[in-house]
Amino acid sequence: MKKIILLMLSFCLLISCNGQEKKEVTETFDLDSINFTEEINPTLKKIGFNLTNMKKNKFNPPLISNKDIDFEEEAEVWMLIDYSVITFTSPKNIFLKGFSLSGEQLSFDYNDKNQKIGMYIINIKNENKGEKLISLLENKLGIPKKNTLISSQVSHFPSGTNYKKNILQIGYVWKNIEGKTYSMAKYYDSENNTYLGHHLAVTKSDDNYFTEVLSGEWDVISDILVEN
């Protein structure tokens with residue numbers, strides 16, 4: 001019964017958060033069009049959401065996804081210092097450089113004062129799809145800087161979560177590409193080589209705030225982000 005209610009809530013949020021007449025969202029939206037001068041409300045309205053009617057709460061979505069830790073279905077909003085973060089399952093009309101993000105978890109971080117988007121994060125839970133996204137980014141952006149490490153602690157944005165298993169982390173960074181930085185972290189359980197997830201964060205290259213946040217939370221890309 002709980003699952004049915006959650007699915008119904010998810011459907012309602014995707015179609016009409018403010019209870020207005022249902023209308024199908026047919027306009028495609030490519031995240032690559034975001035240059036981090038946009039405000040969150042107009043951006044969300046393009047993809048069928050109305051932020052003003054969403055309940056704000058402190059909700060930490062999991063970054064690692066497997067059979068035991070799965071993504072939430074509803075859109076939620078939680079708080080970061082000076083920023084709010086909205087997280088939801090991507091509808092079919094959202095893309096990144098023409099790459100479909102349908103069904104994947106998407107987060108927008110936006111400034112509480114000026115409402116401008118500061119970062120977005122894409123969480124992918126299918127290994128094949130994640131690898132295809134890496135190949136696309138390499139084709140579009142060039143060869144990234146890479147790093148690998150094994151750690152028993154994997155941070156999930158914005159606060160750390162400890163895991164008993166050793167986690168293999170593989171990082172990719174495309175730094176300052178037309179004013180944007182693309183940071184990718186890929187995780188595996190190193191004990192049995194079980195795939196856990198791909199996670200891509202896109203920020204403005206000269207945004208020191210989110211550079212510090214990501215370098216502090218995603219260890220595998222930390223050194224690459226802070227180097228000159």
Side-chain angles (χ1 to χ4, degrees), residues 29-40 43-44 47 61 63-64 78 80-87 90 94-101 104-124 129-149 151 154-160 167-187 196-228:
F29 183 79
D30 198 304
L31 296 176
D32 201 46
S33 65
I34 295 175
N35 58 22
F36 302 105
T37 61
E38 298 85 357
E39 294 183 7
I40 186 66
T43 301
L44 290 178
I47 55 178
L63 182 64
I64 302 298
W78 44 279
L80 187 63
I81 298 175
D82 296 326
Y83 280 81
S84 291
V85 185
I86 178 170
T87 300
S90 173
I94 301 183
F95 297 80
L96 177 66
K97 293 184 177 293
F99 186 89
S100 174
L101 300 176
E104 307 303 338
Q105 189 194 54
L106 178 61
S107 297
F108 285 102
D109 298 61
Y110 61 95
N111 187 284
D112 289 328
K113 293 181 178 179
N114 61 27
Q115 297 291 293
K116 290 184 179 180
I117 298 171
M119 174 172 68
Y120 59 85
I121 296 178
I122 302 162
N123 294 324
I124 294 177
K129 189 171 183 178
E131 290 302 301
K132 286 183 178 179
L133 179 56
I134 291 176
S135 296
L136 179 142
L137 293 175
E138 287 180 334
N139 182 54
K140 299 281 188 179
L141 306 177
I143 303 300
K145 293 186 176 181
K146 299 179 182 179
N147 188 32
T148 302
L149 62 85
S151 174
V154 177
S155 296
H156 84 113
F157 187 78
S159 59
I167 304 299
L168 170 64
Q169 307 177 43
I170 305 172
Y172 308 78
V173 177
W174 294 265
K175 197 171 182 180
N176 197 16
I177 306 296
E178 296 182 352
K180 300 177 185 178
T181 293
Y182 301 75
S183 304
M184 171 81 80
K186 179 171 61 174
Y187 297 136
L196 298 175
H198 285 74
H199 313 283
L200 175 68
V202 182
T203 63
K204 193 175 180 181
S205 293
D206 60 359
D207 191 324
N208 294 328
Y209 177 85
F210 281 113
T211 297
E212 292 180 5
V213 168
L214 284 173
S215 63
E217 293 291 338
W218 293 8
D219 292 341
V220 70
I221 61 172
S222 177
D223 291 340
I224 303 175
L225 286 176
V226 299
E227 69 182 15
N228 295 325

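The figures that follow rest on heavy atoms only: side chains count, while hydrogens, waters and symmetry mates do not.
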Exercise for the section: Measure up the F210 and Y83 rings against each other and bin them: parallel (under 30°), tilted (30 to 60°), perpendicular (over 60°). Expected result: perpendicular

Exercise for the section: May I ask you to decide if K175's main-chain N or O and T181's side chain share a donor-acceptor pair within less than 3.5 Å? Expected result: no

Handout entry: side-chain contact (heavy atoms from CB on, under 4.5 Å) partners of A185, counting only residues at least two apart
Key = Y187, W218, V220

Exercise for the section: Using a 4.5 Å cut-off on heavy atoms from C-beta on, say whether the side chain of T87 contacts that of Q105. Expected result: yes

Handout entry: S205 side chain to K180 backbone, donor-acceptor under 3.5 Å
Key = yes

Problem - Closest contact, heavy atoms only, I134 versus W174 - result: O-CZ2, 4.3 Å

Exercise for the section: Applying side-chain hydrogen bond (donor to acceptor under 3.5 Å, both in side chains), name anything that partners K129, two or more places apart in sequence or on another chain. Expected result: E104

Exercise for the section: State which residues pass side-chain hydrogen bond (donor to acceptor under 3.5 Å, both in side chains) with K97; sequence neighbours excluded, sorted by chain then number. Expected result: D32

Handout entry: Note, Y172 side chain near L141 side chain (heavy atom, < 4.5 Å)
Key = no

Exercise for the section: Return the set of residues passing side-chain hydrogen bond (donor to acceptor under 3.5 Å, both in side chains) with E39 (not counting sequence neighbours), or none when no residue passes. Expected result: none

Exercise for the section: Please examine the side chains of L96 and L200, heavy atoms only from C-beta on, and report whether any two atoms are closer than 4.5 Å. Expected result: yes

Exercise for the section: Check side-chain contact (heavy atoms from CB on, under 4.5 Å) between N114 and all other residues, then give those that pass, not counting sequence neighbours. Expected result: N111, K116

Fill in the blank from the handout: Residues passing the side-chain hydrogen bond (donor to acceptor under 3.5 Å, both in side chains) test with T37, sequence neighbours excluded, are N35

Handout entry: Separation between OG of S90 and CG of L31, rounded to the nearest 0.5 Å
Key = 7.5 Å

Fill in the blank from the handout: Rounding to 0.5 Å, atoms CG (L133) and CD (E138) come to a distance of 10.0 Å

Handout entry: Whether K186 side chain and E131 backbone form a donor-acceptor pair below 3.5 Å
Key = no

Problem - Given K132, M184, H198, the one that forms side chain to side chain contact (heavy atoms under 4.5 Å, CB included) with I124 - result: H198

Completion exercise
Distance col, row L225:CG vs N208:CG, nearest 0.5 angstrom, shows 11.5 Å

